[in-house]
Amino acid sequence: MTKPDAGTNLLDFEPAAQTFYDDVVAGLSRPERSLPCKYFYDERGSKLFEQICQLDEYYLTRTELSIMRRHAGQMAEQIGRGVMLVEYGSGSSIKTRILLDHLADPVAYVPVDISRDHLQQSADDLHRHYPDLEVLPVCADFTEDFELPVSRREPTHDAVYFPGSTIGNFQPQAAQAMLRRIVRLCGCGGGLLIGIDLQKDARTLEAAYDDSQGVTAQFNLNLLRRINRELDGDIRVQDFRHLARYNEALGRIEIYLVSRCDQTIRIGDHAFDLAEGETIHTENSHKYTIDGFADLAAAAGLTLRRHWTDPQDRFAVLHLAILK
Ligand code: AVJ
């Protein structure tokens with residue numbers, strides 16, 4: 001029963017063992033304390049994120065989906081026939097299927113994900129729905145170098161699909177470095193279809209990241225629970241609160257954990273003294289304008305060919321081509 005489908009043999013780049021403990025200690029030792037947002041997604045964190053995606057205030061997921069439903073035909077036309085479609089992350093199977101349903105004769109689908117279990121499961125799932133499509137999962141950290149698998153049929157070109165505004169978690173410089181990697185990966189004739197969240201009023205944005213049901217707060221606080229669980233921490237989670245604020249100058253939502261009192265937290269052999277009101281920065285979520293993102297991408301060697309938005313201009317999906 002657990003035997004993997006023949007169509008979804010996994011290519012493994014064995015991402016370097018994550019050093020959760022070292023990253024936590026380093027982040028909490030800085031004068032401006034911070035923790036990497038990639039650690040949000042343990043089992044509970046991933047479930048909480050799925051709940052976030054259903055919230056009224058969190059417009060991103062459903063808006064991107066509506067853009068996909070409406071314009072997938074045009075997107076597929078932009079991408080072109082005979083593509084090897086490489087997806088960064090493998091958590092968005094609905095959007096992926098909408099796109100695949102419209103693509104002309106795709107040669108292979110290549111989901112790239114750091115989580116091997118998640119990857120194998122979604123790859124098998126997809127293979128069952130598209131038995132004629134070659135599915136070639138790659139276990140890798142897409143912020144680092146990896147290679148594309150070889151498909152049975154030769155693709156006319158490669159294109160990366162990067163939905164979900166995940167690129168928003170990266171500082172613009174790191175985002176640009178990632179776009180350069182995509183250019184190197186796909187080469188001439190290649191392309192990128194990417195979802196980005198657009199700049200808008202602070203109220204809408206802050207509501208999206210501080211919802212009335214407190215799900216995002218739980219998502220943020222879960223990082224402390226995870227530290228307690230996995231790193232033998234003694235943090236009193238109730239002594240922290242969630243804070244989301246829009247930094248208009250930098251065009252990004254910033255998420256913090258704020259200490260409710262003077263306290264000492266212990267993690268393994270380390271102790272950290274926090275004053276009342278002191279913050280731990282846990283996430284940035286960058287918001288772009290179409291032009292701003294196009295400029296960033298142009299410097300990485302990608303030209304904006306076409307873009308699609310919702311009627312309220314909240315979210316955008318961009319198709320960019322690699323300059324010949
Ligand atoms: C998964 C990075 C797109 O930035 O909107 C949602 C993560 N954090 N609510 C985002 C997140 C808090 C999300 N991304």
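Just so you know, ligand 1 is whichever comes first in the structure, and atom 1 is the first atom listed for that ligand.
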Measuring from atom 13 (C) of ligand 1, which candidate in Tyr58, Phe40, Tyr41, Tyr209 has the nearest non-hydrogen atom? Tyr58
Ligand-residue contact atoms, ligand 1 with Phe49, heavy atoms, under 4.0 Å: 1 (C), 6 (C), 7 (C), 13 (C)
Show, in sequence, the C-alpha distance, side-chain angles and deciding distance for Phe162 and Phe142, and conclude whether the ring-ring contact (aromatic ring centres under 6.0 Å, His included) test is met. CA-CA 11 Å; Phe162 195 12; Phe142 56 67; 5.4 Å; yes
Give me the residue, atom name and distance of the protein heavy atom closest to atom 3 (C) of ligand 1. Gly164 O, 3.1 Å
Cation over ring, Arg226 on Phe20, under 6.0 Å and within 45°? yes
Hey, is Gly168 one of the residues with a heavy atom under 4.0 angstrom from ligand 1? no
of all protein heavy atoms, closest to atom 2 (C) of ligand 1 is Asn169 OD1, 3.0 Å
Verify the cluster assignment for Ile94 and Leu99: are they in a single hydrophobic cluster under the rule of side-chain heavy atoms below 4.5 Å apart? yes
Who's the nearest protein heavy-atom neighbour of atom 8 (N) of ligand 1, and how far? Glu283 OE1, 2.7 Å
For Ser285, take its heavy atoms, then give the atoms of ligand 1 lying under 4.0 Å from any of them. 4 (O), 5 (O), 10 (C)
In terms of side-chain heavy atoms, does Arg62 have a donor or acceptor partner in Ser66 at a distance below 3.5 Å? no
Can the ring centres of Tyr41 and Phe219 be said to be less than 6.0 Å apart? yes
By side-chain hydrogen bond (donor to acceptor under 3.5 Å, both in side chains) - contacts of Asp201 (at least two apart): Thr204
